[in-house]
Amino acid sequence: MPLNINIQQVLLHMFNFVLLFGISYFLLYGPVKKFMDSRKKYYEDMDEAARENLEMSEKMRADYETKLSNVGEEIDTLKSEAVKEASERREEIVKNAREEAKAIVEEARKQSELEHERSVTSAKQEIEAYVSKAAEEIVKEKDPYASFLDAAKKDSNNE
Amino acid sequence: MSKKKKTVSLIVFAVILIALLAGIVLTGHAGEEEPIKEVMRDAVLHEKVKVSLFGLFDVNPGLISAYIVTGIFFIFSLITRIFFIPRFKIVPGKFQALIEKAVGLFDDLASSNSPHRNGFLGAYIFTAGAYIFVGTIFELFGVQVPTTSGGTISLPAPLADINGAIGMGVMSYLVILSGGIVGNKVKGVLNTLKDFSLPISMSFRLFGALLSGALVTELVYYYMAVSFVIPVFVGVMFTLLHALIQAYVLTMLTSLFYGEVTEPSPKKIKKNKHHNTNHEVERYENQY
């Protein structure tokens with residue numbers, strides 16, 4: 001062939017090159033590429049984690065800043081709520097105390113009335129008893145008037 | 001070192017050089033035994049000088065170079081795989097950085113020129129680049145092997161042999177063709193066959209570039225008057241630079257053509273784009 005081209009030698013060169021490709025791919029390029037890819041992934045994961053952390057911390061910061069800006073208002077609200085609650089409680093206590101006092105007075109009044117009625121009734125009964133006794137005595141004696149006086153005298157002496 | 005000693009040393013050095021030069025001039029006229037025409041013709045065609053490959057075939061010296069380069073590469077890869085790669089660290093040392101740089105260089109070249117299906121391409125151009133570079137540098141070592149005619153020959157670069165260059169060109173073309181078949185089926189094959197001159201241009205570009213170095217060096221050595229100092233520059237210019245340039249050119253061309261034939265057709269892209277747009281609209285609607 002022209003230029004000393006020899007198909008057999010071309011094929012031998014190609015065989016050599018395929019052999020070289022196999023050696024290169026399995027012993028050098030492949031393992032090195034695999035290592036480089038794994039390292040790339042390692043850094044990408046690290047980067048991703050860092051970004052997520054940053055986003056989270058930014059969000060938290062924004063939340064805290066909002067909370068911090070609202071904290072004055074919140075304190076005022078809580079304060080007024082507490083004051084209102086205390087005032088309501090005070091009023092309730094006073095109201096209860098008044099009602100209780102009123103009930104006590106009412107009870108005492110009722111008791112005194114009851115006592116009064118009882119003493120009046122008792123006195124009436126006693127007077128009636130005296131009257132009926134005196135009447136009986138008068139009926140028994142000759143001179144009712146004298147008997148009455150004697151009996152009264154006797155009673156006063158006894159007292 | 002005293003001044004006197006320095007002077008004596010310089011004189012001895014100059015005498016040795018002059019003696020050697022005199023010896024070179026006085027001993028034989030080796031260059032004249034074989035005319036320049038013959039030397040040049042043999043450097044290009046390797047018609048006369050053959051080397052036995054394992055006693056099986058008489059082949060051009062370039063093929064022996066190719067197998068030796070593969071052997072060197074195999075030993076280097078094996079040592080690296082066994083002793084260095086398992087000890088690779090996240091923060092690389094000097095050797096690891098060098099290996100990673102080489103792999104990363106070709107991987108980036110593959111992915112930038114061929115955005116689709118570049119996994120295999122990266123490995124191929126890494127091998128091709130390393131082969132061309134190491135093979136061309138190998139010429140500088142001047143490894144001597146016995147020829148079938150009884151003499152010895154300094155081994156040339158594997159790709160300074162036209163058969164090696166054709167092999168390399170055809171391999172690259174086949175890789176491009178395989179990319180076309182896998183990526184675009186029949187259209188990919190047609191795209192690759194459209195550039196039918198590619199294997200020839202690739203082969204002869206490599207052959208011409210690498211052979212030019214060998215020829216110029218041969219010429220320089222043929223004439224004794226220019227065979228001092230000048231070969232150093234010539235060797236650097238035509239060997240080191242060619243090693244770099246040709247490794248870059250072939251890998252770049254292969255990845256460019258590979259990228260071209262594996263690129264999805266505009267219709268497919270449009271369809272995918274439309275599909276993506278629909279997805280985006282749906283997502284937008286779902287969101288709001």
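Chain letters run A, B, ... following the sequence lines, proteins first, then strands; residues in each count from 1.
For a residue to count as touching a neighbouring chain, one of its non-hydrogen atoms must lie under 4.5 Å from one of that chain's; by this rule Phe21(A) touches chain B with backbone and side chain alike. Looking at Ile82(B), there are no atoms closer than 4.5 Å to chain A (heavy atoms on both sides), in backbone or side chain. When heavy atoms are compared at a cutoff of 4.5 Å, Ile85(B) approaches chain A solely by way of its side chain, counted from C-beta outward. With a 4.5 Å cut-off on non-hydrogen atoms, Thr80(B) touches chain A through its side chain but not through its backbone. With a threshold of 4.5 angstrom between heavy atoms, Phe84(B) does not approach chain A through any atom at all. Heavy-atom distances place both the backbone and the side chain of Asn60(B) under 4.5 Å from chain A.
Residues Arg61(A) and Glu58(A) are paired through a salt bridge, judged by an N-O separation under 4.0 Å between the basic side chain and the carboxylate.
Of all the listed residues (Gln9(A), Arg39(A), Met14(A)), the one sharing the greatest number of non-hydrogen pairs under 4.5 Å with chain B is Gln9(A). In terms of heavy-atom pairs under 4.5 angstrom with chain A, the leader among Gly122(B), Ala130(B), Gly104(B), Gly71(B) is Gly122(B).
When each of Pro199(B), Ser203(B), Ser201(B), Ser197(B) is checked for a side-chain contact (heavy atoms from CB on, under 4.5 Å) with Tyr173(B), only Pro199(B) meets the rule.
Closest heavy-atom contact between Tyr42(A) and Ile90(B): CD2-CD1, 4.1 Å.
For the pair Ser77(B) (side chain) and Leu28(A) (backbone), a donor-acceptor distance under 3.5 Å is absent.
For Tyr29(A) and Tyr124(B), the gap between ring centers reaches or exceeds 6.0 Å.
Thr70(B) and Asn16(A) share a side-chain donor-acceptor pair at under 3.5 Å.
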